[in-house]
Structure formats: C-alpha cells, structure tokens
Amino acid sequence: MTQIQHAHGTRASDSAEPAPWWRQAVVYQIYPRSFADADGDGLGDIAGITSRADYLSALGVDAVWLSPFYPSALADGGYDVADHRDVDPRLGTLDDFDTMLAALHARGIKVVVDIVPNHCSDQHVWFQEALRAGRGSPERERFVFREGTGPGGEHPPTDWLSAFGGPAWHRVADGQWYLHHFAPEQPDLNWDHPDWREDFVRTLRFWSDRGVDGFRVDVAHMLTKDLTEPLPSQAELDAMPKDGLHRTIDRDDVHDVYAQWREVFNSYDPPRTAVAEAWVSSDRIPLYASETSLGQAFNFDLLIADFDAEQFRRVVTHNLELAGRTRSSSTWVLSNHDVVRHATRYGLPAPERRPDGEPAVKHGMEWLRSGGTDPRLDRDLGGRRARAATLFMLGLPGSSYLYQGEELGLHEVADISDGERQDPSFFRSGGEDVGRDGCRVPLPWSREGVALGFGEASPHLPQPSWMADHAVEQQSGVPGSTLELYRRALARRREWQCDEDLEWLPTGREDVLHYRRPNGWEVVTVFGDADHAVSRPVALLSSDDAVGSRVVPPQTTAWIAPSRTD
Ligand code: BGC
C-alpha cells in the first residue's frame, strides 16, 4: 500500500512517561439539567448523574465534561453563573457533587467542569454590589460600565451587537450602561481588574482540591479587551484584523491570564487539564493549545463540515498539523449543546457555503424555524451518516468529545412551542434564531413514564413521542442499535489505542476515505452510495452488525483490527 500522506502530532512514545490521559480520551458531555432527574422536579441534577454512573462506565467513556451546574438564574442555560464555587440548589449540594465525583472516579472516569470566565450572572454578588454602589465606584470597576451617548446618555456607548442578537450594552437604573457580549443577564467581567484574576484562581483551586481532573473554558478567546476611549464602532471592530491586537477578540494578552492558570494546573499531581472553547481562526488555535496556556483547544471543523469525504480529509490533515505545532493533541467534536445534533444535520440538505467555506446560515436553522417540516428530514439517512461520521472520528488520533444522547442516535427536537423555549438567542433575535433548546431536551431512559425514565415529573423541555424509540432501555443489549455500536466502538478503541499518527491510504474513489494508525488499525468510510471492497476483514461496521466481510456498504465506516497491539 502506498503511503500518500503522513500527519502526526506528538507521539505518546516520545518520552518514557505514559501519555497523559487527556491526549486521546473520549470525553462525554453532560448537560446536567437534561441528563437524569433524581429528585423528581423536572430538572436533571447531580444525584441523577451519580445514579447513571454505571451507564457511563458501560458506555466506556474516559471522562465526562459537565456543563455548568452552578447557582444560576438560567438566563442562558446555566452559563450565567451566580456563584462559581457552589452547586445550584435545584441540582444538589457540594456533598452531592463529591459523591458523584467519587462514583465516577471509582469507575475510572475523569471529571471535567465548565468554567465561564468571560461573564457572570447579573445575580452574582459582585454585580449586585456594583449596581448598588453606583457610578464611579470601585465595585463598578469589576465590570465594564460606561456613560451612554446622546441627550441624557440615553443611547448605548457604542453600537456593538451581542452574540444572541440585540445591543451589547444594557442600561441600569442610574443611567449608566454595562457591556454584555451575551445576554443582558451576563455582564462581561473586566479582566484588567485583579479581583477577577484572584477570584478565578480561587475557583480553579476550589474544584481542583475537590479532585476535579480538568476544566473546559467557555469563550476562552474573549476575556481581555482593550477598552481605551474612543471605542470603535461595530463596523470598525468587524474590519479589524484578528491578529492578537483586536480590541475585543482573541487578544494575545489573554494568554497572560492562562499562564497564571497554568501555574495552578501544574501545581497538582497529576496536573489539571484544560480545553479552550475558542472560536478563532485555526492558525491562532495553537496559542490556546500550547503548554504554557490552556494545553488543548476545541477544533470545531468537523462539526462545521458537511458529510463529505474531501471536507473531512482536509479537516483532519489540517488539524493534526496544527496540533503538531504544539505539544498538544487534536480534539474532535460532531455535536454539543450549542448546535443542531449531527444525526439531524446529515439528514438535511447541506447548507449553502460562503466563499470562505463557512455555512451561510446555521445548519438546520431553516428546518428548525419551520417546526421540523421544511426541508424534509431524512431521519434514517441522517442517523446512518451520523454513525459513520462518529466511527470515522473515534478512530482518529487525539481526543473525541461526545454529546449526551448521540449514543442513542437522537435527532434534534424541532417541535417545541414558543412558550416552552428557554434559549436567550430565541428571545433576543425575535425568533429569527430558534435557538439551542432542541438539542437540550432531557434524555429518554425508558420507553414509558411521564418523562421516559428521565425522572418522575414532566421534564423542563418537552420530549416528543418518537424519543421513546431511542430510549436506553429500548437499545440496551440490542445488536445493531446505536447504543450498542457506541459501546463496542469505545471498547475496541480502548483496546486498539496507539501512538498519535495517521496515514492516509489510497482508495481510488473520491467519496471514500481510508486511514491507518501505527499499529495497523484501519478505518474506511464510504460517504457515497456504492459499496467499497477492502482487502482485510472488517471488525466493526457502523451500519449493521455484520463482521468478517470485506465490503463496506454506502454511508458506512468500517474498522479493521490492528495487525499488532502496542
Ligand atoms: C457556550 C454557550 C453559551 C455561551 C455564553 C458558549 O460558548 O457553549 O452555551 O451560551 O458560551 O456563555
């Protein structure tokens, strides 16, 4: 076989030390309010996670990442944190957290928690103090308060727009305005203020001391800002090069914050890990993934790509090359709590692309807006492609992030009424952006019951009846089910793990990708509609249970066992 390309990151075997756990981990994202509801109030909780520890262990994940479970008014699904060092009383207590951590650790599962440093909740004690203390006070210095413009300061200081739609400034009772890049209930923090620097170090230590293994850092690219007057307009901001000196995004000086965090992480044994959620151009990703910064960064390129061989191949080669520039490993993601689930994306027509390759509209948005009727969703095709893409991803070197429910083959939920929606992007865009509630609907654990086994009360977001067919109970032990496929794939992956290299093999077809790992583990994905013959017998297929054949069916990934195990 001809080696046509060789991409590699840092090899686990470069040193005599065993590779750190995070380099090639499978990390399962839990959205706690929608995972399992132990106390029967319709909202998932920490004890619910503990009650499903055996499920996570049988699934075979290496780690879980918990989206925020902190006290919150839930203006943005918990990403509006009122107290970074406590548990939302509706979700449990710190004791419940410790019990959950022990239960997961006892099963060899690491725990990563979400840290939200760009903003806090308007209910945070420091923001409440700032409101009370009034203009010009030291309390307001912790946030970004400015006078308005126009007669009586009635217009915002600038025309900046928030990520969820509408202005990025909100006016308080005494007439000043504060900056919020997300919802008005999420005031941005002033990272020039030493209090936040100290406070976040305390928070990182608080969770690390309890035994947490790592942190996912929310909007890691936005903390530091150059807010010297005069402030630019939105058009000027948009036109500024994103070269590290941009006024509000991806500034080089954000890494001073992370250098301090790195000292904290490295003061633990083993060092605590971090992964940056940084939506920046790919040449800037290595800054976040470097050993002196957060150490690893998400790459969302697979998530943005269509189900297309050429796009997948480009994404993989490019990101392995990027990871190789640092001593980090790559990350892969197909679904998370912010996007339309990949089974659904792949069952809808591919979105139109802008000249830079980005989707012109958020994939699945039109379909969501129509309540799930237009364009028609091909559920079976989407599910089949999703399983193929997942197996393609799980064979890659680096760490893979799974989002709760994808192992059940769940589709996005489109039929949520306006009155039931929770996402601020829905409200702030006047319904133009339907929001992210459809991927946050509580999981179906059983076929029956008021909440399909999620809990004893009606769930905080409605579960459509089709979800019963995807229930854990319905799939467990059933050959060919998506759940059993994930379980088998994760077990094989653990057995077959090897150095972080990948070699592309020729396939003679544009719609088929074939790669090989250093121990001979091979992964073949057919994106198109015709079978593809392989020379060695298949050990795992994404589309059915047949093993031992030498044919990979359409829209299917095959795994071929390693010729040797390391
Ligand atoms: C999180 C979102 C959240 C936003 C603001 C994101 O990147 O993933 O769910 O709405 O940050 O915190």
Side-chain angles (χ1 to χ4, degrees), residues 65 67-68 76 79-81 84 112-120 143-144 160-164 168 179-183 186-193 196-197 200 203-204 214-227 231-232 234 236-262 265 273-304 318-319 322-323 325-326 328 330-333 336-339 356 358 362 401 425:
W65 146 32
S67 278
D76 179 19
Y79 282 88
D80 45 322
V81 179
H84 297 93
V112 170
V113 299
D114 221 310
I115 286 290
V116 188
N118 177 67
H119 43 265
C120 63
F143 298 89
V144 183
W160 295 356
L161 296 172
S162 80
F164 294 147
L179 181 67
H180 59 89
H181 268 106
F182 293 88
Q186 293 167 295
D188 278 30
L189 313 184
N190 171 13
W191 271 93
D192 287 335
H193 202 298
W196 284 120
R197 299 205 180 213
F200 269 85
T203 296
L204 297 176
F215 300 91
R216 178 260 187 194
V217 181
D218 190 64
V219 285
H221 57 302
M222 288 185 61
L223 279 50
T224 55
K225 292 159 189 118
D226 173 2
L227 298 173
L231 294 175
Q234 182 69 50
E236 285 165 337
L237 275 186
D238 292 344
M240 273 175 203
K242 300 218 175 69
D243 58 359
L245 295 173
H246 189 277
R247 291 285 216 109
T248 58
I249 291 176
D250 186 25
R251 292 177 53 77
D252 286 339
D253 55 14
V254 76
H255 298 288
D256 299 343
V257 174
Y258 300 141
Q260 194 188 4
W261 292 14
R262 174 53 50 200
F265 300 147
T273 68
V275 58
E277 188 222 17
W279 289 88
V280 299
S281 65
S282 60
D283 59 316
R284 308 247 335 142
I285 286 278
L287 293 170
Y288 294 84
S290 88
E291 287 175 304
T292 54
S293 186
L294 292 173
Q296 206 182 29
F298 279 118
N299 110 59
F300 295 113
D301 295 351
L302 262 194
L303 180 155
I304 291 169
H318 179 57
N319 282 285
L322 281 181
R325 282 191 220 165
T326 64
S328 189
S330 195
T331 57
W332 311 104
V333 190
N336 65 28
H337 66 299
D338 286 333
V339 298
D356 62 3
E358 294 283 312
K362 214 160 129 195
Y401 282 75
S425 48

Does either side chain, that of His181 or that of Asp188, offer a donor lying less than 3.5 Å from an acceptor on the other one? yes
Can you list everything that forms a salt bridge (charged side-chain N to carboxylate O under 4.0 Å, His left out) with Asp238? Sequence neighbours excluded, please. none
Below 4.5 Å, heavy atoms only, C-beta onward: do Val339 and Leu303 meet side chain to side chain? yes
Parallel under 30°, tilted from 30 to 60°, perpendicular over 60°: which one fits the rings of Phe265 and Phe215? parallel
Can you confirm whether Thr248 sits close enough to Leu237 that some side-chain heavy atom of one is under 4.5 Å from a side-chain heavy atom of the other? yes
Set of residues satisfying salt bridge (charged side-chain N to carboxylate O under 4.0 Å, His left out) with respect to Asp76, sequence neighbours excluded: Arg436
Go through it in stages, so that I can follow the logic: the residues are Ile115 and His84, the test is side chain to side chain contact (heavy atoms under 4.5 Å, CB included), and I'd like the CA-CA distance, side-chain angles, deciding distance and then a yes or no. CA-CA 8 Å; Ile115 286 290; His84 297 93; 5.9 Å; no
Any donor-acceptor N/O pair, Asp250 side chain to His221 backbone, under 3.5 Å: no
Which heavy atom of Phe164 sits nearest to which heavy atom of Ser425, and what is that distance? CD2-CB, 3.8 Å
Sub-3.5 Å donor-acceptor pair from the side chain of Arg247 to the main-chain atoms of Pro232, do we have one? no
Could you please spell out the steps behind the side chain to side chain contact (heavy atoms under 4.5 Å, CB included) verdict for His119 and Val219? CA-CA 9 Å; His119 43 265; Val219 285; 4.0 Å; yes
Is there a donor-acceptor pair closer than 3.5 Å between any side-chain N or O of Thr224 and the backbone N or O of Asp253? no
Taking Arg216 for its side chain and Glu277 for its backbone only, find out whether a donor-acceptor pair lies under 3.5 Å. no
Side chain to side chain, Ser330 and Asn299, heavy atoms closer than 4.5 Å: yes
Using the ring of each side chain (for Trp, its six-membered ring), is Tyr79 parallel, tilted or perpendicular to His337, with breaks at 30° and 60°? parallel
I'd like to know whether Phe200 forms a ring-ring contact (aromatic ring centres under 6.0 Å, His included) with Trp191, so could you lay out the CA-CA distance, the side-chain angles of the two residues, the decisive distance to 0.1 Å, and finally the verdict. CA-CA 10 Å; Phe200 269 85; Trp191 271 93; 5.3 Å; yes
Report the distance from atom CD of Glu291 to atom OG of Ser328, rounding to the nearest 0.5 Å. 8.5 Å
Hey, could you give me the NE2/CZ distance between His246 and Arg284, rounded to the nearest 0.5 Å? 11.0 Å
Any carboxylate oxygen within less than 4.0 angstrom of a Lys/Arg side-chain nitrogen, looking at Asp192 and Lys225? no
Say you draw a straight line from CG of Asp243 to CG of Asp252; how long is it, rounded to the nearest 0.5 Å? 7.5 Å
Would you check if there is a donor-acceptor pair between the side chains of Asn118 and Asp218 at a distance under 3.5 Å? no
So, do Phe182 and Val116 sit near enough that their side-chain heavy atoms are less than 4.5 Å apart? no
Mind telling me whether Trp65 and Phe298 have parallel, tilted or perpendicular rings, with 30° and 60° as the class edges? tilted
Hey, mind stepping through His180 and Ser162 against side-chain hydrogen bond (donor to acceptor under 3.5 Å, both in side chains) and telling me if it holds? CA-CA 7 Å; His180 59 89; Ser162 80; 4.8 Å; no
When rounded to the nearest 0.5 Å, the distance separating OG of Ser293 from CG of Leu287 is 7.5 Å
Using the rule given for side chain to side chain contact (heavy atoms under 4.5 Å, CB included), can you reason through Trp261 versus Leu294, listing the C-alpha separation, both sets of side-chain angles and the distance that settles it, and then say yes or no? CA-CA 8 Å; Trp261 292 14; Leu294 292 173; 4.1 Å; yes
Sequence neighbours excluded, which residues qualify as side-chain hydrogen bond (donor to acceptor under 3.5 Å, both in side chains) partners of His193? none
Test item: Thr292 side-chain N/O and Ala259 main-chain N/O as donor-acceptor pair under 3.5 Å: no
CG-CG distance between Leu227 and Leu179, expressed to the nearest 0.5 angstrom: 7.0 Å
Min side-chain heavy-atom separation Tyr401-Val275 under 4.5 Å: yes
Please answer whether the main-chain N or O of Val257 pairs with a side-chain N or O of Gln260 as donor and acceptor at a distance below 3.5 Å. no
Stepwise side chain to side chain contact (heavy atoms under 4.5 Å, CB included) check, Cys120 with Asp80: CA-CA 5 Å; Cys120 63; Asp80 45 322; over 6 Å; no
Before giving the answer on ring-ring contact (aromatic ring centres under 6.0 Å, His included), spell out for Phe300 and Trp279 the whole-Å C-alpha distance, their side-chain angles and the decisive distance to 0.1 Å. CA-CA 8 Å; Phe300 295 113; Trp279 289 88; 4.1 Å; yes
Interatomic distance, Ile249 atom CD1 to Lys242 atom NZ [nearest 0.5 angstrom]: 5.0 Å
Distance-only, no hydrogens or angles: does the Thr326 side chain make a donor-acceptor pair with backbone N or O of Pro286 under 3.5 Å? no
Restricting to non-hydrogen atoms, name the atom on Val217 and the atom on Pro117 that form the minimum distance, rounded to 0.1 Å. CG1-CG, 3.9 Å
